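Comments concern the structure below.
Note that these values count all heavy atoms, side chains included, but never hydrogens, waters or copies made by symmetry. We count ligands from 1, going down the list as the structure has it; atoms in each ligand are counted the same way. Note that the coordinates shown come from a computational prediction; the quantities given were computed from them, not determined experimentally.
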Amino acid sequence: MLHDIYTRPLKDLRISVTDRCNFRCTYCMPFDDYEWIAKKELLTFEEIARLAGLFVRLGVDKIRLTGGEPLLRRDLEKLIGKLSSLNGLEDLCLTTNGSVLAGKVAALKSAGLRRINVSLDTLNSEKFARIRRRGDLAKVLEGLFAAKRCGLHPIKINVVVERGVNDDDIIDLVEFSRKSGFALRFIEYMDVGNSNNWTSEKLVSKKEILDTIDARYPLREVGRDKGSAPSMDYEFIDGQGEIGVIASVTEPFCSTCTRARLTADGKLVTCLFSATAYDLKVLLRNGAADEEIVEIVSAIWRKRADRYSDKRLEAMNSGRGYRAKDYKKIEMITLGG
Ligand code: SAM
């Protein structure tokens with residue numbers, strides 16, 4: 001198995017299939033003047049499937065499709081079909097904003113998708129409009145229930161919690177999920193990219209999120225899936241469902257991070273907070289053999305020394321403080337969330 005310099009294996013691959021998004025979420029992509037990746041630079045489904053197969057050879061057993069908004073990529077089910085037949089891949093999932101999910105979920109399921117994450121930060125339509133800056137809450141809810149009717153399981157709802165924005169929606173979301181059979185994943189607001197003007201004041205910590213929920217619906221810790229998942233999971237003591245919290249800021253999990261990311265134009269990124277990427281598309285389009293690509297990816301992973309969130313916490317606790325804007329990072333919309 002392939003390990004980096006901190007002996008972390010390569011196990012997960014997040015593939016961005018497009019940087020296009022029909023939302024402009026304040027915490028992710030609050031800007032309009034962005035240079036979109038040109039169509040001819042996007043990896044084709046054949047190229048993605050070839051690279052995915054090589055990553056699986058190197059030890060990856062889980063792939064998540066993301067973006068941008070992955071469901072804006074036409075015929076995505078064709079890619080799902082190719083990936084779901086990869087030998088050695090145990091888990092294939094998708095993260096979506098849900099806006100066009102209702103019309104596509106049946107095709108995705110038939111192609112081999114078994115589970116899904118849908119991002120939804122509030123059930124209040126005015127607030128939804130303020131956070132998302134585009135789109136329609138009703139469509140997202142329609143998508144969620146269509147996924148449920150189709151039999152996808154589990155269906156997880158990703159909630160980014162931002163102080164003064166939706167920290168008062170936590171219990172509403174918990175009650176909605178408990179009633180409807182969805183699993184919630186609360187995500188601490190992160191300083192991904194440079195355009196969301198993150199400050200630590202906007203952060204609602206894992207502890208605060210858990211205290212809020214536990215006071216109303218007592219929880220019991222379950223642990224991290226496979227010991228290395230980003231989410232720490234909890235179940236409700238009354239047996240009515242589960243939640244998870246991804247505490248990248250207050251409880252970083254760099255030491256168990258086994259994730260690589262592939263951008264829509266074929267660049268390999270080894271940390272969500274990276275400033276650099278390695279161009280694999282050039283290799284593909286210059287006719288590199290599989291063995292050559294495997295060697296190059298292996299060499300990149302063996303040298304991987306990223307531990308951005310650990311360092312952020314060290315800086316936040318050090319008294320010298322942490323200023324997100326001092327660190328140049330690739331935008332979330334480009335590298336895939
Ligand atoms: N468009 C899809 C969606 O909305 O789910 C997939 C891409 S999105 C970048 C992937 C995930 O990243 C979403 O769940 C989103 O909420 C999360 N995300 C984006 N910006 C974030 C931030 N600053 N902090 C924490 N999570 C963030």
| message | Between Lys281 and Glu47, does any side-chain N to carboxylate O distance fall below 4.0 Å? | response | no

| said: Using a 4.0 Å cut-off on heavy atoms, what residues surround ligand 1? Order them by chain and number. | reply: Tyr27, Cys28, Thr66, Gly67, Gly68, Glu69, Thr95, Thr96, Asn97, Ser119, Asn158, Val160, Ile187, Glu188, Tyr189, Met190, Val192, Asn196, Met332, Gly337

| query | Going hydrophobic residue to hydrophobic residue with side-chain gaps under 4.5 angstrom, can you get from Val249 over to Met332? | reply | yes

| note | side-chain contact (heavy atoms from CB on, under 4.5 Å) with Asn97: of Leu71, Asn158, Asn22, Leu72, only one passes, and it is Asn22

| Can you name the closest pair of heavy atoms from Glu142 and Ala102 and give their distance? | OE2-CB, 3.7 Å

| Minimum heavy-atom separation for Ala305 to Ile5, with atom names? | CB-CD1, 3.4 Å

| Donor-acceptor pair between Glu331 and Ser195 side chains, under 3.5 angstrom | yes

